[in-house]
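A short write-up of the structure that comes next.
In what follows, every chain begins at residue 1, and chains take the letters A, B, ... in the order their sequences are listed. For the numbers below, each heavy atom of this structure counts, side chains included, while hydrogens, waters and symmetry mates do not. Since the structure is predicted, the reported quantities are computational estimates derived from the model, not experimental observations.
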2 protein chains.
Amino acid sequence: MTAPARKTKSAGSRSDFVYAGLRRAIIEQALMPGDKLTEDVIGDRFGVSRTIVRAALARLHAEGLVDLQPNKGATIAQPSLSEAYDIFEARMCLERQVLARLAEKVTDRDIQRLEQHVAQEMKAGSQDGPAAIRLAGEFHILLAQLAGNGVLARYVDEVVSRCSLILALYGRPHSSDCSINEHQQIIDALRERNSRLAIDAMDHHLRAVTDRALLSSNTDKQRDIRSILDHYAS
Amino acid sequence: MTAPARKTKSAGSRSDFVYAGLRRAIIEQALMPGDKLTEDVIGDRFGVSRTIVRAALARLHAEGLVDLQPNKGATIAQPSLSEAYDIFEARMCLERQVLARLAEKVTDRDIQRLEQHVAQEMKAGSQDGPAAIRLAGEFHILLAQLAGNGVLARYVDEVVSRCSLILALYGRPHSSDCSINEHQQIIDALRERNSRLAIDAMDHHLRAVTDRALLSSNTDKQRDIRSILDHYAS
DNA sequence: CTTCAGATTATCGTATACACTTTCGAATAC
DNA sequence: GTATTCGAAAGTGTATACGATAATCTGAAG
């Protein structure tokens, strides 16, 4: 018994499967920053050889989701505070552009999809599951995709994913990282094709997310240190 | 005799070496869009196994520099016109942010390095070598690095590299893609810490680059079609 | 002369083998 | 009891092997 492998060999080959699985685990914070990613272990779980796992890890490394130290293996990335600020700054810059585009070209169909997504968020948000974290990020990714610029969309996807790591490291344990109201405000601004308003809403939203994530970093760090000390003092 | 391999095993291992080599060949337009990248051939040239080549190709694929078709192998990417516009839009967005940052924190030392770089460009530009193409791009990458946001810098690096492909595909044969004057203007604006002026200069510069690259696409496309037809009519 | 089936070759996808590096533990010395 | 060294175990880096897929060639039929 080595794996819950799947038969559908599908496209992109098996490394995509491993990549997607790991990625989701990271984004839903099932794997936490600093966790070790041993190639053999992952290979067993997914039913593939290390060759495949290695490709997946390399890809995750390129996206900044895993650290990769020579001869020492892979771990879930632990962005420093300074990296965290860099990521948020880049994210702000990219998402502004997304909204500027969207305000000009958004269709009723797009608005509908966004509303549907927020509805999903509300449903998942109530039961606090890992899905809520993922859906909050996917709202932003959906926006980027609807904007119709593939390059922008890929970068947004990347920074949003990395924000999961930041939240996991510095955020409060159960802070709903994206208040759904703020997502709704963005949709409302888009419905009126009001680019200025939409960008303001996004700015406000991202600043709020940043604050929720990083302002608590001091207290949380202390809590962490304390709990670590507790552990060693027992 | 399989390779001009190097002995210094250094860090990051050999795949970095292959990656860097291929990347430079692409950016200097020694390898042209559409060219086939056979794993064995590359492996022989660099003196490594396919395993290593594969890792390098995967990385280049993630950056959008090579296409990777299942069971058919790798080729230098051929961005479509629509992708080209996407890339330029993302580039504009990112580089504006770079200049906004730089205008606030640029040091005299930074200005000096930028001036040095432009001097290099002038020297290389006169003899029209492949180095001129590379240096023109590296000016933008240097700006991004000096801005001090690693995430932004990586994305700028990526879009600038992909612009080499666009130039190779759609640009005029010997258009010096970045007029050095325009680079100088950006430096001048930065020296005065004038963010508005710097961004305007960059906007103007990138618009000019876009035009030089893409406005000629019609004529070049015709030339291509004609030459293709010639080929089939012989 | 063109076309198409079959064979042949080239190339890719993945697993495995082996050497090398790091890690961990136990035995020894102090 | 602490420090140190040595050796085994775990894990990574890379090459190679082999089956599978695609590209190319060949020859015969139309």
Here the distance between atom P of dG19(D) and atom CG of Asn71(B), to the nearest Å, is 17 Å

Could you walk me through whether Leu99(B) and Glu95(B) pass the side chain to side chain contact (heavy atoms under 4.5 Å, CB included) check? CA-CA 6 Å; Leu99(B) 286 190; Glu95(B) 296 222 51; 5.8 Å; no

Winner on side-chain proximity to Lys36(B), out of dT14(C), dT14(D), dT11(C), is dT11(C)

Phe46(B) CZ to dT14(D) C1', in whole Å, measures 17 Å

Original post:
Would you say dT14(D) has OP1 or OP2 under 4.0 Å from some side-chain N or O of Ser13(B)?
Top reply: yes

Exercise for review: Just call it for Thr51(A): base, sugar-phosphate, or nothing, with non-hydrogen atoms closer than 4.0 Å on any strand.
Suggested key: base

Here the distance between atom P of dT22(C) and atom CD of Gln69(A), to the nearest Å, is 11 Å

Checking Glu28(A), Glu121(A), Gln29(A) against Arg134(A) for side chain to side chain donor-acceptor pair (under 3.5 Å), the one that qualifies is Glu28(A)

Regarding the side chain of Ser49(B), the nearest nucleotide among dA15(D), dT11(C), dA17(D) is dA15(D)

Residue pairs passing the salt bridge (charged side-chain N to carboxylate O under 4.0 Å, His left out) test with at least one member in residues 140-149 of chain B, sequence neighbours excluded, are none

Considering only heavy side-chain atoms of Glu39(A), the closest of dT11(C), dT14(C), dT12(D) is dT12(D)

Do Glu63(B) and Tyr19(B) have side-chain N/O donor and acceptor atoms under 3.5 Å apart?
yes

Taken to the nearest whole Å, CD1/Ile52(A) to C1'/dC12(C) is 12 Å

Q. Looking only at side-chain N and O atoms, does Lys72(B) come under 4.0 Å of OP1 or OP2 in dA23(D)?
A. yes

5'-most contact on DNA chain C (nearest-nucleotide basis), Asp40(B) vs Arg50(A), goes to Asp40(B)

